[in-house]
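Treat the numbers as computed from the prediction; the structure is a model and nothing was measured. Letters A, B, ... mirror the listed sequences (proteins, then strands); counts begin at 1.
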Protein chains: 2
Amino acid sequence: MTGVTVAYFDGLGKAEVIRVLLTYLNVEFKDVRFEEIPDEIRAKCSFGQVPYYEDSEVGSLVETNAIVRYIAAKYNIAGKDLVEKAKIDSIYESTDDVHVLHYQANKKGDEAEKERVRTVAIPKFFAAWEKLLSQSSTKFFFGDSITLADIAVFRVIGHVALFGYKVSTTPYPKLDALVNHIGSLPQIAKYISARKASTF
Amino acid sequence: MTGVTVAYFDGLGKAEVIRVLLTYLNVEFKDVRFEEIPDEIRAKCSFGQVPYYEDSEVGSLVETNAIVRYIAAKYNIAGKDLVEKAKIDSIYESTDDVHVLHYQANKKGDEAEKERVRTVAIPKFFAAWEKLLSQSSTKFFFGDSITLADIAVFRVIGHVALFGYKVSTTPYPKLDALVNHIGSLPQIAKYISARKASTF
């Protein structure tokens, strides 16, 4: 047991990036889900928000992106030095941009805006990731193994596809290969296929 | 010369946290501002967005939060180990939450929502920061010197105050002391007093 807990509402939402990352890393975790934040969890959330993360080293940790970076750093996929860490963080943040784009457009519910996000805004990020991948000599963003950048891009593409923004990666060959590679890793494939439908 | 450039629109917006951080660190930087993103800058922005940051070590870097963390790590105020880094990152992210709260409320323009942000949502973060500061034996969030957490909290409180969300820190004594301490550092006081008015 690793003593790892991820607590969030019973859906994908902000927690899924954490769950996918831990799954990729083969870190067992207690996947706590609820309809309303239980008092005993809320008491440990500094800012009253979930996801909530816990392990024996860090204790309690909140804020999605801080949790993700902590896990990535702990398991050595956050970058090998200061510069690579910054570049990976930059790509991670771009996946958060895409997450926010799809979330805001769905919240607003304006069809023209949703169409713009689907056909213009998201494809721009796909093209940018393809360009960055093309600058790498491997199939990954950095070096010869998977980093947080790869996992995060894989995660967000799959995520927005579930909520109205299915954008094909076929026109972006390196991105397409990366997404297929990560999606076919046994632990990821198993997790995704067993994942129950969620409304958020 | 450090060869540091920060490029953004001619206002505070997303770049100000970077400028304030560099100012605190006494890092000289070229403060490039424009009405529209110039082509030569856009060409270096992977995701078509600014702020854009550059130094001789990292080269080009985009994504506000990645830039901030890179600078903080480079100048050793991001945390002394993995756990402290995560806790500081979590507080940093909470300041981004507050930034987004004020930005979204102003964008929406709904007066009741703005009032809720001013009187309920932002004070909740102030109370949370006060609680975290109370758990520290010093006047800072972590250890006996300023980290990114302190600077980021100072920055966002001053920022939202300029755009309709002036919330008093007086009911939060440790937070109040921290904000006053950072605000009275010579380089910060000079920067803030010379800062020209901005509409965003």
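Both the backbone and the side chain of B:Leu82 have a heavy atom closer than 4.5 Å to some heavy atom of chain A. Contact annotation for A:Gln104: only side-chain heavy atoms (C-beta onward) come within less than 4.5 Å of a heavy atom of chain B. Contact of A:Lys85 with chain B is not made at all, since no heavy-atom distance falls under 4.5 Å. Neither the backbone nor the side chain of B:Glu84 comes within less than 4.5 Å of any heavy atom of chain A. Contact of B:Lys124 with chain A is not made at all, since no heavy-atom distance falls under 4.5 Å.
How far CG of A:Asp96 is from CG of B:Asp96: 8.5 Å, rounded to the nearest 0.5 Å. With values rounded to the nearest 0.5 angstrom, B:Gln49 atom CD is found 4.0 Å from A:Phe125 atom CZ.
Under the 4.5 Å side-chain heavy-atom criterion for Ile, Leu, Val, Met, Phe, Trp and Tyr, B:Val153 and B:Val100 are members of distinct hydrophobic clusters. Both B:Tyr191 and B:Ile18 are members of a single hydrophobic cluster when ILVMFWY side chains are connected at heavy-atom separations under 4.5 Å.
Taking a 6.0 Å sphere around CD of A:Glu35, one finds it holds 12 or fewer heavy atoms contributed by other residues, nucleotides or ligands. A:Lys14 NZ: 12 or fewer foreign heavy atoms inside a 6.0 Å radius. Summarising the local packing, CD of B:Glu40 is surrounded by more than 12 heavy atoms from other residues, nucleotides or ligands at distances under 6.0 Å. Counting non-hydrogen atoms of neighbouring residues, nucleotides and ligands closer than 6.0 angstrom, the CG atom of A:Asn26 exceeds 12 such neighbours. Within 6.0 Å of CZ in B:Phe140 there are more than 12 heavy atoms belonging to other residues, nucleotides or ligands. Other residues, nucleotides and ligands contribute at most 12 non-hydrogen atoms within 6.0 Å of the CD atom of A:Glu36. Atom CG of A:Asp81 is surrounded by more than 12 heavy atoms from other residues, nucleotides or ligands within 6.0 Å.
The most heavy-atom pairs under 4.5 Å with chain B, out of A:Ser60, A:Ala73, A:Ser94, A:Ser46, come from A:Ser94. Heavy-atom pairs under 4.5 Å with chain B peak, among A:Thr64, A:Val58, A:Val62, A:Ile88, at A:Val58. Contact count versus chain B (heavy atoms, under 4.5 Å) is highest, among A:Ser90, A:Ala127, A:Ala128, for A:Ser90.
Counting heavy atoms from C-beta outward, A:Arg69 and B:Glu93 have side chains that approach closer than 4.5 Å. Using a 4.5 Å heavy-atom cutoff, the side chains of A:Phe47 and B:Leu132 are in contact.
Across A:Ala86 and B:Ala66, no two heavy atoms sit closer than the pair O-CB, 4.1 Å.
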